[in-house]
Amino acid sequence: MNAPVTLKDKQGHASPDERERLVVIGNGMAGCRAVEEILARDADRYAITIFGAEPRVNYDRIMLSPVLAGDKSFEEIIINDQSWYDDNGIELVSGDAIIAIKRDAKEVVSASGRVTPYDRLLIATGSDPFIIPVPGHKLPGVITFRDLDDVDKMLTAAEAGGHAVVIGGGLLGLEAAHGLSLRGMQVTVLHLMPTLMERQLDEAAGFLLRNELERRGQTIITQADTAEITGNSHVTGVKLKDGTEISADLVVMAVGIKPSVNLAKQAELEVERGIVVDDDMVTSDPAILAVGECVQHRGACYGLVAPLWEMCRALADFMTSTPSGYAGSVTATKLKVSGIDLFSAGDFSGGDDAEDIVMRDASRGIYKRVVVKGDKLIGAVLYGDTADGSWYFDLLKREEDISDIREALIFGQAFASGGATLDPDSAVAALSPDAEICGCNGVTKGQVVACIDAGANDLDSVRASCKASASCGSCTGLVEGLLSISLGEDYGGARTVTPMCQCTSFTHEDVRRNILEKELKSIPQVMQELHWTTPDGCASCRPALNYYLLCAWPTEHEEDPQSRFVNERMHANIQKDGTYSVVPRMWGGITTPNELRAIADAADKYEARLVKVTGGQRLDIFGIKKEDLPAIWADLNAAGMVSGHAYGKALRTVKTCVGSEWCRFGTQDSTGLGIKAEQMTWGSWMPHKFKIAVSGCPRNCAEASIKDLGIICVDSGYELSVGGNGGIHLRGTDFLCKVETEEAALEYIAAFIQLYREEARYLDRTAPWVERVGMDYIKGRIVEDEAGRKELQKRFLFAQSVHQKDPWAERVGGAESHLHKHIAEIRPFTVLEPA
Amino acid sequence: MVDAKWIDIGPVEQLPALGARTLPVQGGQEIVIFRTATGGIYALANKCPHKGGPLSQGMVHDTSVTCPLHNWRISLLTGEALGEDKGCVPVIPVKIDAGRIYIDRTAALAGAV
């Protein structure tokens, strides 16, 4: 580079005409910071001109949120006022954007036509907000959240009150929503993803954040795909792709930012996502540098302020001839919403050799997760208590070896580096007698010890006598510690009951009880409240939780389709070759020539490879491709058939014989009762598959005595028995009772099913459940307790009133159609076909 | 977009969290694209190393998927079977750029005619 010789005058200032001319495009945080860094190193080196598109001095853009929220004024967020420019001899041209870079002539052209030559040019154009190009995005009242003008527009709108819709539940959107909400607007946040701030937070932390924002009166809609912004002369609302309409007086688009690269592109600099720079922040033209959100360094673009400071330091080092090189940044985020403590840094997407350490403290609303790989910390998410955020961030950036403090890492700096003992038993021993052990029941250490001294020698007896650990159970470890200290070798060890899975110490029963007591209605809520030790559970607990929630709260639970086994997600049975089989319902095993024709036609049309009569008297059509499922269902629906739920943990079939209508031995209309039973119970989700059979006489042709519920018709009525199983462990049913009428039989069936639904463990069939709880218990609940039976029946029928839906019809109607489609298709050496 | 190394297969939003979509390759092995709870995107051959089960239909948790046929757990990062099981499924490199998923051309077409 041909730097001119710098001549200095008597005062030590270089003569302006002789200095290298540095022109900066962008008067924002990066541009000014870069200049500050250069001045700090060599104040006389350059004659500096800064162009800013906004008609104001340099201010702290990341503090716009507090300005909107009313926590700060504009004056308070000015970084450099006019006197700074004057004192440093910098020429500021504000409100006149640069519109062209002429690299050959080494000059820039502004909107007003001003031509300014440069020796070195610094591009710090920052980023532009993403605008989703939906219809109506240009209506007045639709704004972005990027500069002070946007804040002014929001403040004006907020004065009139009304509804604001913020599109985007990321950092920026939530801060805008918070500000508008504090300014008195009703705010709805629309977020495309299922989790707020999904780039910074994991599901659990996102869930806590959502709860807190909702508690503050904001409406949060996730998985909200904006279709249109409505209004004629001014915005009046937002319409989502699912048809939901939300009224709006103001719409803020805060879906993200993209590097502002137009100028650089026109100047034919190398631009990918951002302006490509090397470690010295030099672009493909050696005379031109770039810094800030507009650049792409080693493949990464940054939208946070910390990396920008690091880039500016490297840039200034290079421009004052002592290159240091920028090596990229590790970033951390904090949400600037008052009263919500949230911190996220590094990589928390997990991985094989990465280990998650999760701590949840439901009573204090705290969630912490650190991710460790090898002997290093690689990520951290903190919610509710961010005091250790900077400590974790420091460990992460310095890549420190944490193997010595690993055990205590999650408890934070004070604990991990304070040399506190890591033996949990001695920690409990150190507690004073009035220290509270069980927060739910207000039990102190003294009381637990007293109850152990009085004879309690295991967890269950402590729970029974002083209630400690009997509610949420999060103090179980402490109680076990006390047992072990007090009893020494006499303590038999931790409770031997099996926890639900490796993600929790709770049993299935504990979880179900807590779901009801604490009114938990979604999987993330259960995982937070019950201190799950993994971020998103496993293939074993998730389907169970989903079932427990839908059983406990038929109308209120938050269904999680991703937590259902493939068969229930696809409403068909997956087979060994990856194709599916489909079973339409045949009520009581009865069919008609028309139904048979429809099944035969469907089997032909979709090239079924096998049609088989099942053990439950239904027809199973094999070899259907995933993408053909909606079509075959549509055809079967059109012929009047609905899904047979042969794939589900659900009521499958009601098997019958022909009974008194045709059979010379039949005593009652077993087919008729079977159809009534199936019509009452179809579509009900269960802990496991569930089968019923009705035999018309004791000869039992429908094999009722090996079903989950069997009915054998006799002259004087109906004999009900339960808990049979024809599977791996052949088991005959146990007699439950005899009733006289069909109506009574149906009442008992509903009550028994509901008891099983409410109390069995997920994936327990009735047989092991009946053996575990005993027939005496079941008779007590169903036969002897008439009021209880009727309550069970009522709850069953209520659940059926909402859940008895044909899943095929819903899918045929277009619900979740993406599940059946490929994302795209690759045809080698031709073109890519979008699905 | 046609690029020498990477094939654009569409926007990230097409994948629900903890979900998966398939990507057939004409004359080659079907690929499955996964999305984890935290937004990580991974691609594997859609075939369990055990008995060829369609991993696209399995349950995703953390950075692994459980095969729907026999509950083998496969790492989305390395394609290897986790726990006691032994076996490996090909991993296809992916990258995300401006909200779109790109898949490594060579790996995607490996074995295609």
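By convention in this document, chain letters (A, B, ...) are assigned in the order of the sequence lines, proteins followed by strands, and residues within each chain are numbered from 1.
Of all heavy-atom pairs between Gln562(A) and Ala17(B), the closest is CG-O, 3.4 Å. Nearest heavy-atom pair across Ala539(A) and Met59(B) is CA-SD, 4.0 Å.
Taking chain B as the reference chain and counting heavy-atom pairs below 4.5 Å, the highest number among Cys538(A), Gly206(A), Pro535(A) is found for Cys538(A).
Interface remark: Gln200(A) contributes no atoms to any contact with chain B (heavy atom separation under 4.5 Å). The parts of Leu18(B) that come within reach of chain A are both its backbone and its side chain, each placing non-hydrogen atoms under 4.5 angstrom from that chain. The contact between Val60(B) and chain A is made entirely by backbone atoms, counting heavy-atom distances below 4.5 Å. Using a 4.5 Å cut-off between heavy atoms, Lys626(A) touches chain B through its side chain atoms alone. When heavy atoms are compared at a cutoff of 4.5 Å, Arg542(A) approaches chain B solely by way of its side chain, counted from C-beta outward.
Residues Asp97(B) and Arg273(A) form a side-chain contact, since some pair of their non-hydrogen atoms from C-beta on lies under 4.5 Å apart.
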Audit row: Ile574(A), Leu69(B), side chain to side chain contact (heavy atoms under 4.5 Å, CB included) steps and yes/no: CA-CA 8 Å; Ile574(A) 194 164; Leu69(B) 291 194; 4.1 Å; yes

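Around NZ of Lys265(A), the count of heavy atoms belonging to other residues, nucleotides or ligands within 6.0 Å does not exceed 12. For CD of Glu559(A), the number of neighbouring non-hydrogen atoms (other residues, nucleotides, ligands) closer than 6.0 Å is greater than 12.
Residue Asn71(B) holds its CG atom at 6.5 Å from CZ of Phe565(A), rounded to the nearest 0.5 Å. Here the NE2 atom belonging to His822(A) is positioned 13.0 Å from the CD atom belonging to Gln14(B), to the nearest 0.5 angstrom.
Using modelled atom types, no side-chain atom of Asp536(A) and backbone atom of His61(B) make a donor-acceptor pair closer than 3.5 Å. Distance alone, capped at 3.5 Å, is enough to place a donor-acceptor pair between the Arg569(A) side chain and the Gln57(B) backbone. At least one donor-acceptor pair under 3.5 Å links the side chain of Arg21(B) to the backbone N or O of Lys821(A).
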